[in-house]
Enquirer: 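For reference, the structure I am asking about is given below.
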Amino acid sequence: MTDLLPQTSPGSRGRADASPPRHGLTVSTGLAGLSLDAMASVSYGPEAIVLVLAAAGTAGLGFTLPVTAAIVVLLAVLIASYRQVIAAFPDGGGAYAVAKERLGHRTSLVAAASLIVDYVLNVAVSIAAGVAALTSAFPGLLPYTVWICLAILVGVTALNLYGIRESARAFMAPTVVFVLGICAVIIGGLLRSEPASVSTGAAVVTDAHTIGILLLLKAFSSGCAALTGVEAIANAVPSFAQPRVRRAQRAEVALGVLLGVMLLGLATLIEKFEIHPIAGTTVLSQLTEAALGHGIGYYIVQFATVILLALAANTSYGGLPTLTKILADDNCLPHRFAVSSPRQVYRFGVLALGISAAVLLIASEGNMNALVPLFAIGVFVGFTIAQVGMVRHWPATRRPGWRWRLALNGFGALLTFVAAVVTTAMKFTEGAWLIVLVLPLLVVGMERIRKTYSRIDGCRGAGCLPASPRATETAIVVPVSEVSELSREALSAAMSLGSDVIAVHVCLPEENMRVFTKEWEAWHPGVRLIMLEDGDATVGGPVARYVRDNFPGRRKVVVVAEVEPPAGWNHVLPSHRSDELERVLRKLPDTVVCHLRVQTA
């Protein structure tokens, strides 16, 4: 008989039959809540282009606008392609969902691996870029860059572990201030005939190059970091209010327009004011100072940039733990990644993200320009997989207009594939080799985890109707170290489980066995006692050998009693012999280990 009790569980929100939320994202709140990564990329994308082209001097910097225009063309193709993804997969999931349905399980793991890498790099790059904006405004903080990065990372991680969730409306103000600030920089710079103020400092030293196709390709691949985050809206279509698809598509287009205008506007100013890399000062800081001067407007833009980048880093803490939860549900990651805290936080995903980002920040010494080359590779792998999946999707569904949709996604797949190859080739020696190594390792690791869970499911007999349960003859073994009230509790619990109870005592070195034997005989508990010789200076080994070599064909139950110490540092006080026993005994077949924990007063 099964008793059904009404209950509400957090997992019920993910069911297909669950009622839709009363409130969803609009176009404006969707931009604020889901497009922070893309918006923030204008703070480091143009700088990545300038750093490369500066190697060819002033003539090289003159190609900033054409390179940026090529990136904006690719952005337009991506926006158009992801509008199709939104329409075809209204349940969200982006590249992972497309690949899982149209390209197979292993390709979906490649998409998932690229998303994992992107989420980690987004945190590291956003924090490093935010700190770079801060140190540009306050140069005295430059020697403490790494510590400031780690402090911000610890703060963001701690807040997410605690379960603080910001709504999209809370992101509106800093997003609006940032976009208006960048627009003010662009308009102010275009209206000026000469810079309002000029940043001074030592120029960044780079190897001299002549202008050629390789230099332009390298600049293009560096600037493609500005395209990160354009897929976020397609990943979260269910978060929008009805009509979800139409709202999500409009938000995607609005993102493309805003991002394209800001990139082209900043590139125009870079050429107009002949901006070049300066150590300790970001390109965006130089542009702001040239357009608005070094007054209140400059500091508003810089602080808005810091805040937006911090919020952009925070969006990964909403995305990666959810992704790892989905992967854990699909048996591709350890199931503990799917376990949420009472505050509905997937803590293992949050901790994994924080630790990984900390490693990158320490390794790069908080240098934004050292991390940006790693960023675009995983992004374009995900882009390409999504577009190839859509190419497979349209012939299978043959919806009206499927041919031109197929051509659009095919063109997008070709462009993103070429961009991925170019980015990897141009940035390979600058750290891209690490991404090339990590992506297949993640896929292999997730595949091995999935196979292991398949074997575990086979041992569990999952998916079939088991035979009726039946009782078997059971031997109950109770390790006892002394004659005490704890031993009485353990034997009483064992007698409650069955009649065949055996007490075992391991004779440790330098122990007076006559004293123990005399105390046992005086107590006379009515339970057979077996004395075991200590063969390896442990308790677990002799007990495990005794359980293994006796009671053939019977189920064995080992009752382990211990006193539960008070909370806090008191947990280091016990000898933890019970842990040793459990580690050894759980490897034995047909053996159940029962813990009896006696609470202290």
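These values consider heavy atoms only, across backbone and side chains, with no hydrogens, waters or symmetry-generated copies.
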Enquirer: Say whether, by atom type as modelled, one donor and one acceptor occur between the side chain of Thr145 and the main chain of Leu142 under 3.5 angstrom.
Expert: yes
Enquirer: Between Thr107 and Gly104, is there a donor-acceptor pair closer than 3.5 Å when you use the side chain of the first and the backbone of the second?
Expert: no
Enquirer: Using 0.5 Å steps for rounding, measure from the CG atom of Leu308 to the OG atom of Ser43.
Expert: 8.0 Å
Enquirer: Can you tell me how far CD of Glu271 sits from CZ of Phe63, rounded to the nearest 0.5 angstrom?
Expert: 9.0 Å
Enquirer: Side-chain contact test, heavy atoms from C-beta onward, threshold under 4.5 Å: evaluate it for Ser285 versus Gln302 and give yes or no.
Expert: yes
Enquirer: Is there a donor-acceptor pair closer than 3.5 Å between any side-chain N or O of Asp118 and the backbone N or O of Val379?
Expert: yes
Enquirer: Would you find a donor on one side and an acceptor on the other, under 3.5 Å apart, between the side chain of Thr26 and the backbone of Thr29?
Expert: yes
Enquirer: Is there side-chain contact between Glu101 and Arg392, with heavy atoms separated by less than 4.5 Å?
Expert: no
Enquirer: Looking at every non-hydrogen atom in both residues, tell me the closest pair between Gly229 and Asp37 and how far apart they are.
Expert: CA-CB, 4.0 Å
Enquirer: In terms of heavy-atom contacts, does CH2 of Trp147 have more than 12 from other residues, nucleotides or ligands at under 6.0 Å?
Expert: no
Enquirer: With side chain to side chain contact (heavy atoms under 4.5 Å, CB included) as the test, pick out the partner of Leu441 among Val444, Val443, Val438, Leu437.
Expert: Leu437
Enquirer: Taking all atoms of both residues into account, what is the closest heavy-atom pair of Arg83 and Gln249, and its distance?
Expert: O-NE2, 3.0 Å
Enquirer: For the OG atom of Ser136 and the CD1 atom of Ile278, what is their distance to the nearest 0.5 Å?
Expert: 10.0 Å
Enquirer: Locate the shortest heavy-atom distance separating Pro90 from Val245; write the atom from each residue and the value.
Expert: CB-CG2, 3.8 Å
Enquirer: Assess the residue pair Phe348 and Thr324 against the criterion (side chain to side chain contact (heavy atoms under 4.5 Å, CB included)); give the C-alpha distance rounded to whole Å, side-chain angles, the decisive distance to 0.1 Å, and a yes or no.
Expert: CA-CA 9 Å; Phe348 285 96; Thr324 54; over 6 Å; no
Enquirer: Are Met446 and Leu333 side-chain neighbours, meaning at least one heavy-atom pair lies under 4.5 Å?
Expert: yes
Enquirer: May I ask you to test the Thr305-Thr288 pair for a side-chain heavy-atom distance under 4.5 Å?
Expert: no
Enquirer: Within the structure provided, determine whether Pro321 and Phe337 are in side-chain contact (heavy-atom separation under 4.5 Å).
Expert: no
Enquirer: State, with a plain yes or no, whether a side-chain heavy atom of Leu439 is found less than 4.5 Å away from one of Val117.
Expert: yes
Enquirer: Please work out whether the ring planes of Phe138 and Tyr299 are parallel, tilted or perpendicular, with thresholds of 30° and 60°.
Expert: tilted
Enquirer: Enter the distance from Thr416:OG1 to Leu74:CG here, rounded to the nearest 0.5 Å.
Expert: 7.5 Å
Enquirer: Hey, what do you get for CZ (Phe273) to CG (Leu61), rounding to the nearest 0.5 Å?
Expert: 14.5 Å
Enquirer: Please check if the side chain of Ser126 supplies one atom and the backbone of Val123 the other of a donor-acceptor pair under 3.5 Å.
Expert: no
Enquirer: Keeping the roles fixed (side chain from Glu47, backbone from Leu284), state whether a donor-acceptor pair exists under 3.5 Å.
Expert: no
Enquirer: Shortest non-hydrogen contact from Arg247 to Phe240?
Expert: CB-CD2, 3.9 Å
Enquirer: Please round to the nearest 0.5 Å and tell me the distance separating atom CZ of Phe178 and atom CG of Leu180.
Expert: 11.0 Å
Enquirer: Is a side-chain N or O of Ser41 found less than 3.5 angstrom from the main chain of Ala38, in a donor-acceptor match?
Expert: yes
Enquirer: Is the closest side-chain donor-acceptor distance between Ser81 and Gln387 under 3.5 Å?
Expert: yes
Enquirer: Could you check whether atom CD of Glu447 has more than 12 heavy atoms from other residues, nucleotides or ligands sitting under 6.0 Å from it?
Expert: yes
Enquirer: Determine, stepwise, if the pair Val177 / Phe303 fulfils side chain to side chain contact (heavy atoms under 4.5 Å, CB included).
Expert: CA-CA 10 Å; Val177 172; Phe303 278 115; over 6 Å; no
Enquirer: Measure from the side-chain N and O atoms of Thr228 to the backbone N and O of Ala225, and report whether any donor-acceptor pair falls under 3.5 Å.
Expert: yes
Enquirer: Between Leu264 and Leu65, is there a side-chain heavy-atom distance shorter than 4.5 Å?
Expert: yes
Enquirer: Under the 3.5 angstrom rule, does the side chain of Glu231 hit a backbone N or O of Gly382 as a donor-acceptor pair?
Expert: no
Enquirer: Applying side chain to side chain contact (heavy atoms under 4.5 Å, CB included), run through Ile270 and Leu287 and close with a yes or a no.
Expert: CA-CA 7 Å; Ile270 289 172; Leu287 290 173; 3.8 Å; yes
Enquirer: Can you check side chain to side chain contact (heavy atoms under 4.5 Å, CB included) on Val110 and Val381, steps first, answer last?
Expert: CA-CA 8 Å; Val110 177; Val381 170; 4.0 Å; yes
Enquirer: Restricting to non-hydrogen atoms, name the atom on Ile86 and the atom on Val237 that form the minimum distance, rounded to 0.1 Å.
Expert: CG2-CG2, 3.9 Å
Enquirer: Looking at Arg192, is its backbone amide N or carbonyl O close enough to the side chain of Lys272 to form a donor-acceptor pair, meaning the two atoms are under 3.5 Å apart?
Expert: yes
Enquirer: To check you understand the geometry: which heavy-atom pair defines the closest contact between Gly256 and Leu75, and what is its length?
Expert: O-CD2, 3.7 Å
Enquirer: Within a strict 4.5 Å, meaning less than it, do heavy atoms of the Ile127 and Leu309 side chains meet?
Expert: no
